[in-house]
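Below is one structure, written out as structure tokens; the observations come after it.
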Protein chains: 2
Amino acid sequence: MGSQPDEPIIATKRQQVVTIHDVARAAGVTIGTVSKALNGQGNLREETRERIRATADRLGFRPNDLAQSLLRGRSFTVGLLTTDSYGRFSIPLMTGIEDTLSDAQILVFFCDAHDDVARERRYIDSLLAKHVDGIIVTARRTDARPAVNVGNTNIPVLYAYTQVVEPDALSILPDDAQGARLATEHLLSHGRRHIAQVSGPQYFESVQLRMEGMRHALNEHGLDLPEHRILLGPWREAWGYQAASILLDTDSQLDAIFCGSDQIARGVIDALRERGVRIPDDIAVVGFDNWGVIAQATRPALTTVDMNLHELGQYAGSRLLAMIAGKKEPGIVRLPCSLVIRDSCGVHSVRNTEETERRGENKDEE
Amino acid sequence: MGSQPDEPIIATKRQQVVTIHDVARAAGVTIGTVSKALNGQGNLREETRERIRATADRLGFRPNDLAQSLLRGRSFTVGLLTTDSYGRFSIPLMTGIEDTLSDAQILVFFCDAHDDVARERRYIDSLLAKHVDGIIVTARRTDARPAVNVGNTNIPVLYAYTQVVEPDALSILPDDAQGARLATEHLLSHGRRHIAQVSGPQYFESVQLRMEGMRHALNEHGLDLPEHRILLGPWREAWGYQAASILLDTDSQLDAIFCGSDQIARGVIDALRERGVRIPDDIAVVGFDNWGVIAQATRPALTTVDMNLHELGQYAGSRLLAMIAGKKEPGIVRLPCSLVIRDSCGVHSVRNTEETERRGENKDEE
DNA sequence: TTGTAGGCGTTATCAC
DNA sequence: GTGATAACGCCTACAA
């Protein structure tokens, strides 16, 4: 009761955590012995080992990673540097990366540079100062970016869902061309022969690759992709809506549309339906991204290409682990896309599918 | 040329980074002097200070944060623990948090527990071992969750977009009731008197709060919210579509619908339009979330409540900073929502709006 | 079988 | 003004 004299005003600045010394003192041994006991090193009497172990968790001892890292020269941390966390692509990528790394007892620093070069530089410096074991760089789009400069360190850097021109860098990307081929072949296998493409701006590498992939698949079937069936515009639902109207007005033979994104596909589908076109009977539609909230909400539900970004992230994590272990094999790795078949192309086909519906991306919660 | 003898096969296991010793040797002083020179401590001749500084960045010296942290007992890192990174709500929250923390030179560990208790426990242990300065816990929904146990440490823990029953915990949440009031008052100010609500499952606290908020606003205008105008179902676009049909069939007086999410609102709007109802002339619609990709794609574009999660994250970051500095003020803080006015309620109103359109959430890129 | 001591890279407190 | 030295918490040879 009353005022407690001499109570420090400032909170104890130092965390009063229990250290190996406390354990040693409590167990009546020296710190060396404690270390050996807890790490299963050296030859200790099983009795002592057990006694020490007991006092350790009685005291709630937790070895200080900072000290260990300093000693080992490895921090068991990795930096994840993203230019901009738009979300749609970053999230599955991030969780994939983090999945494999956390299995390796590695914690991930999340660094969002907001497309700001100076900010990115500061992040890299911080990561280097914290002696991360590696850095994964990612982005909102797959196009090339400048390499990250880690100075005179030999910290491994890996690029995921983005790439770098440096020949000694490792970049991991989805195989856009293959994804487009998959979609096109699916449409062809459903008897479609007059297929248009509605996609994003030409200056995206992914747009070009998907166009090439589609063209390639058509050519293999003796078909071509005429200019008037290629409509490029912004990555927006409204563009899909508009493009579909244009196609309906100009191309009476059209029997399928391959869209560069699910957003565009949604606009396309809405426009078609409103103009009385039956989907897929009259015109079939394929999307790209397998963005659950969109692909499952279109009427009919959207058949679409999945870039498997979660798996891509997992793979990136494992490759970084390998690099940390010393194995550096630079290059550009493109991982296959798969096709998720729903109802916008007709009856379910079992062909041309590498995988069927993937782990539900739609959490039925807010 | 030819084989180089004695070249080590194993890559130097230890990062050959330049340390303060190297700088000291190169500059012909001792490490103490280097430390003082670089940190602006002590009384050094300006000449030596400059010379040391020069050799330091000639050598590319970078102080090792691990060593500093060990000494200071602070790591300048924070853990961000999320039960599940669905994305929609986590992303703005995360970037907000990270924004303020990175300004304080703090790096953020991203930990996605996948709704797995054991995994969460492992993460917490890792974070404690790494001596993070604090932990922010977040979730996919705002309902209460068990407190995080940090053992005998006094590491501050803060809950953002989730809450905890413990009286000494700090939880930061959006003010759902106020958001609902905002939306309702907006509709009332446009002359609407027969307003229904279509929302998510009742067991969500947010659903209940939004209902209360709406009822409160109606009551203040002498109106009530009859049971038949409350439709609760899954958080899905299809539910909105279905609910709108039900309302049209049963409630001829209806002139507005307040939706618990933008996804639901989109379903509602599509159903109304397809049934020939004019929006907003016949029925006005308000959403909740301001999810750009949806709210901007509805026709007409959706007026909706924004929970300002980025700002909420920023605020959470600043509160954690305060806690780290020793100021702990537990409680539940609810931050105001704002209304983003588009076209689904009629002509733009300047009243009843705390803020207008916020920083564009729609990046026009894939 | 256990204790001792050096060192990981810093910073801070003393001497000189 | 600058140099030594003791921490910070841990691990690991090596000594006893």
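Computed from heavy atoms alone, side chains included, the values below leave out hydrogens, waters and symmetry copies. Below, read A as the first sequence line, B as the second, and so on, with proteins coming before strands; counting in each chain starts at 1.
Taking atom CZ on A:F76 and atom C1' on C:dC8, their separation rounds to 16 Å, with Å as the unit. In this structure, A:L70 places its CG atom 12 Å from P of C:dT11, rounding to the nearest Å. Following rounding to the nearest Å, A:R49 (CZ) and C:dT2 (C1') show an atom-to-atom distance of 12 Å. Summarising the geometry, the separation between CZ on A:R45 and C1' on C:dG3 is reported as 14 Å, rounded to the nearest angstrom. D:dG1 atom P lies 12 Å from atom CD of B:E47, rounded to whole Å. Rounding to whole angstrom units, CG of residue B:L38 and C1' of C:dA12 are separated by 15 Å. As a whole-Å value, the separation of B:R51 CZ from D:dG1 C1' is 12 Å. In this structure, the CG atom of B:N43 is 7 Å from the C1' atom of D:dG1, given to the nearest Å.
Using modelled atom types, one side-chain atom of A:S75 and one backbone atom of A:H131 make a donor-acceptor pair closer than 3.5 Å.
With sequence neighbours excluded, no residue satisfies side chain to side chain contact (heavy atoms under 4.5 Å, CB included) with A:D57. Annotation: salt bridge (Lys or Arg N to Asp or Glu O under 4.0 Å) contacts of B:D112 (sequence neighbours excluded): none. Judged as a side-chain hydrogen bond (donor to acceptor under 3.5 Å, both in side chains), and not counting sequence neighbours, B:R51 has no contacts. Shown here are the ring-ring contact (aromatic ring centres under 6.0 Å, His included) partners of A:F109, two or more places apart in sequence or in another chain: B:F109. The salt bridge (Lys or Arg N to Asp or Glu O under 4.0 Å) test applied to A:R121 returns A:D125, not counting sequence neighbours.
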N/O donor to acceptor pairs below 3.5 angstrom from side-chain atoms of residues 313-327 of chain B, sequence neighbours left out:
unit_1: B:Y315; atom_1: OH; unit_2: B:R319; atom_2: NH1; d: 2.8
unit_1: B:S318; atom_1: OG; unit_2: B:Y315; atom_2: O; d: 2.7
unit_1: B:R319; atom_1: NH2; unit_2: B:E329; atom_2: O; d: 3.0

Exercise answer: donor-acceptor pairs, residues 35-43 of chain B side-chain atoms, under 3.5 Å, sequence neighbours excluded:
unit_1: B:S35; atom_1: OG; unit_2: B:N39; atom_2: ND2; d: 3.3
unit_1: B:N39; atom_1: ND2; unit_2: B:S35; atom_2: O; d: 3.0

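For D:dT2, one of the phosphate oxygens OP1 or OP2 lies less than 4.0 angstrom from a side-chain nitrogen or oxygen of B:T48.
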For a quick check, with a 4.0 angstrom heavy-atom cut-off, what is the B/S/- contact string for nucleotides 10-16 of chain D, read 5' to 3'? BBBB---

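Defining each end axis of the helix from C:dT1-D:dA16 to C:dC16-D:dG1 as the rotation carrying four pairs' C1' atoms onto the next four, with five pairs an end, the two axes are found to diverge by 60° to 10 degrees.
Both the sub-6.0 Å distance and the 45° axial angle are not jointly satisfied by B:R119 relative to the ring of B:Y123.
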